K.L.:
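Questions regarding the structure given below will be posed in turn.
Chain identifiers are assigned alphabetically (A, B, ...) following the order of the sequence lines, protein sequences preceding nucleic acid strands; residue numbering begins at 1 within each chain. Keep in mind the model is a prediction, meaning the values are calculated, not measured. All values below were derived from every heavy atom in this structure, side-chain atoms included, with hydrogens, water molecules and symmetry-related copies excluded.
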2 protein chains.
Amino acid sequence: MPDFFSQNYRYIGILAAALTMFGFLPQIIKTYASKSAKDISLLTLLQFACGISLWIIYGIFLEDAIIITANSVTLTTLIVLLYFYYKYGNQGGE
Amino acid sequence: MPDFFSQNYRYIGILAAALTMFGFLPQIIKTYASKSAKDISLLTLLQFACGISLWIIYGIFLEDAIIITANSVTLTTLIVLLYFYYKYGNQGGE
């Protein structure tokens with residue numbers, strides 16, 4: 001990689017992290033506002049929760065603070081979304 | 001990190017990648033089957049598409065094949081899900 005980027009590429013990781021760590025936030029707001037979650041796939045939420053947990057562990061081995069921090073925030077938002085799924089999943093919308 | 005893990009921690013990354021790279025697959029199947037996507041947040045899909053694209057670039061700088069591969073697959077599934085969102089987003093379910 002060019003030298004210019006060698007000092008700056010981490011900003012790309014930080015921006016990537018900022019977008020994906022809060023990626024489920026619009027879904028949380030929409031689900032809370034509509035009180036309806038029947039179109040959301042529970043399996044997708046659970047699969048991401050397991051996968052994201054393993055990314056955190058992988059980040060610990062890589063000693064990469066960006067991977068650890070981003071995935072920890074995503075896991076937190078997934079837990080909130082799972083709460084709303086169970087609260088609103090079987091009501092409203094139909 | 002203990003020596004034992006130094007040769008094996010990448011398997012955790014591979015498992016993490018396997019789960020999250022196909023994380024939206026159950027959502028694709030559910031949306032295709034129900035023909036309804038009105039509870040899905042478009043902003044969440046677009047935010048992940050942008051963020052995942054930047055993770056791919058970050059992975060290229062890190063020269064980490066797991067990050068590049070996993071996020072490339074996720075981006076592909078997001079594009080499929082966006083297609084279904086626009087196809088089914090405003091019909092069915094209500």
K.L.:
Return a table of donor-acceptor pairs under 3.5 angstrom between the side chains of residues 47-55 of chain B and protein atoms on other chains or two or more places apart.
P.N.:
from, atom 1, to, atom 2, distance (Å)
Q47(B), NE2, L19(A), O, 2.9
Q47(B), NE2, F22(A), O, 3.0
S53(B), OG, A49(B), O, 2.7
W55(B), NE1, T20(A), OG1, 2.8

K.L.:
Tell me if a side-chain donor or acceptor on K30(A) pairs with a main-chain N or O of I40(B) at a distance below 3.5 Å.
P.N.:
yes
K.L.:
Side chains of I67(B) and I67(A): closer than 4.5 Å at any heavy-atom pair?
P.N.:
yes
K.L.:
Measure up the Y9(A) and F61(B) rings against each other and bin them: parallel (under 30°), tilted (30 to 60°), perpendicular (over 60°).
P.N.:
parallel
K.L.:
Measure distances from A17(B) to the heavy atoms of chain A and classify the residue's part below 4.5 Å as side chain, backbone, both or neither.
P.N.:
both
K.L.:
Side chain from CB out, backbone as N, CA, C, O: work out which of these in D64(B) comes under 4.5 Å of a heavy atom of chain A, or both, or neither.
P.N.:
side chain
K.L.:
I need the K35(A) NZ to D39(B) CG distance, nearest 0.5 Å.
P.N.:
13.0 Å
K.L.:
Q27(B) side chain to L45(A) main-chain N or O, any donor-acceptor pair under 3.5 Å?
P.N.:
no
K.L.:
Tell me the closest heavy-atom pair linking G23(A) and T44(B), and the distance in Å.
P.N.:
O-OG1, 2.8 Å
K.L.:
I'd like to know if L43(B) and L82(B) are part of one continuous hydrophobic network [Ile/Leu/Val/Met/Phe/Trp/Tyr, side-chain heavy atoms within less than 4.5 Å].
P.N.:
no
